[in-house]
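Fair warning: this is a prediction, and the values are worked out from it, not measured in the lab. Numbering of ligands and ligand atoms starts at 1, following listing order. The figures that follow rest on heavy atoms only: side chains count, while hydrogens, waters and symmetry mates do not.
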Amino acid sequence: MLKIAVIPGDGTGPEVIREGLKVLQAAAGKYQFKFETVTFDFGGERFLRTGETLPDGALEELKQFDAIYLGAIGHPQVKPGILEKGILLRLRFELDQYINLRPVKLYPGVYTPIKEKGPEDIDFVVVRENTEGLYAGAGGFLRRGTPEEVAVQESINTRFGVERCLRYAFELCRKRNKKNKLTLVGKTNVLTYAFDLWERAFHEIGAKDYPDIQRDYAHVDATVMWMVKNPEWFDVIVTDNLFGDIITDLGAMIQGGMGIAAGGNINPQGVSMFEPIGGSAPKYAGKNQINPLAAIAALSMMLDILGQPEAAQGIESSIMKVCTMLKSMSAGQMGYGTAEVGDLVCQNL
Ligand code: IPM
Ligand code: MN
């Protein structure tokens, strides 16, 4: 019995999660597994009502589940930072979801803005470190609000944190068995402390335990250039938290946009959380226009990690079929409504 905590969240989150749960139900019938869900109302509405982001005891409660299925967090009436830090980042940190896994895969029939590149060229995975770096919250103000004010925001990189992230990336690269190439993305020419540690760990671990994996390095600025010019060079990318955040938005665009891009916040020994990476898109909320495929792809990633690889595969194949039926991946331009796209994925399962 899979126990899944559902956090539909804000904006279009509830609509896309509803379609994901429809597909989960259909997959459970077809692939013969059982699941139960419990829904939590964390998000902007609850915060505006109660002043609470995550209530006391929520983390302990969530630890009892096998996985978390998240819609979106972010509300136009709440000051930026409060919900992100109070809910999303807090869950990632406190559940020690130290990997943010973001596949960048262009499905056949999906529009990419990169001319002359197709599904055979755009198929890589970004492994983003998810608990350290500039997201750790280290730093502070001095003389805030005065003309002499100082703001310091530091990037935390521990050998332990970097090493577990690198090992995950090497293992994933070996398991994919495509190009067997792992690219470390950093900025060794300027961030000479942080990425010195990353680079040394990368080569030490790689030489010792992963001699079968080719090691490659690219600066982050060059990486965004290559992602557009030669995306076929990449197999698995590993990088720190902020660089991973930035390059995966570009990744989402070249794979067809936020309507299709999914990610997993993974604790390989604990509770992982899966989400469409597009955010709450408030202007589309409640209109039956948002694309649920990203949320459904996140569901597929979740089932894979929960030991249902056939169901995961089946859902991905169905998503691929449905992709060829939609006019566009963008909200309001799919040629179908949100709920119909969910139905199509169920029918093609
Ligand atoms: C993401 C988002 C978050 C991040 C925000 C909402 C805090 O952009 O999941 O990529 O920066 O990690
Ligand atoms: Mn982001």
Nearest to [atom], what protein heavy atom do you find, and at what distance?
atom                    : value
atom 4 (C) of ligand 1  : Tyr135 OH, 3.5 Å
atom 1 (C) of ligand 1  : Arg102 NH2, 3.4 Å
atom 6 (C) of ligand 1  : Glu84 CG, 3.7 Å
atom 10 (O) of ligand 1 : Asp245 OD1, 2.9 Å

Nearest option to atom 5 (C) of ligand 1, as decided by whichever heavy atom of Ile87, Leu88, Leu242 sits closest: Leu88

Any side-chain donor paired with an acceptor under 3.5 Å for Thr183 and Asp216? yes

Is the distance between the ring centroids of Phe195 and Phe243 under 6.0 Å? yes

Can we call the ring centroids of Phe93 and Tyr98 under 6.0 Å apart? no

Do Phe65 and Phe40 pass the ring pair (Phe, Tyr, Trp, His ring centres under 6.0 Å) test, and can you show the C-alpha distance, the side-chain angles, and the key distance before you say yes or no? CA-CA 12 Å; Phe65 288 84; Phe40 295 86; 5.8 Å; yes

Can you tell me how far CG of Asn130 sits from CZ of Arg92, rounded to the nearest 0.5 angstrom? 5.0 Å

Between the main-chain N or O of Leu293 and the side-chain N or O of Glu19, is there a donor-acceptor pair closer than 3.5 Å? no

Note: Arg92, heavy atoms under 4.0 Å from ligand 1, region reported as side chain

What N/O/S atom of Asp245 is the closest to the Mn ion (ligand 2)? OD1

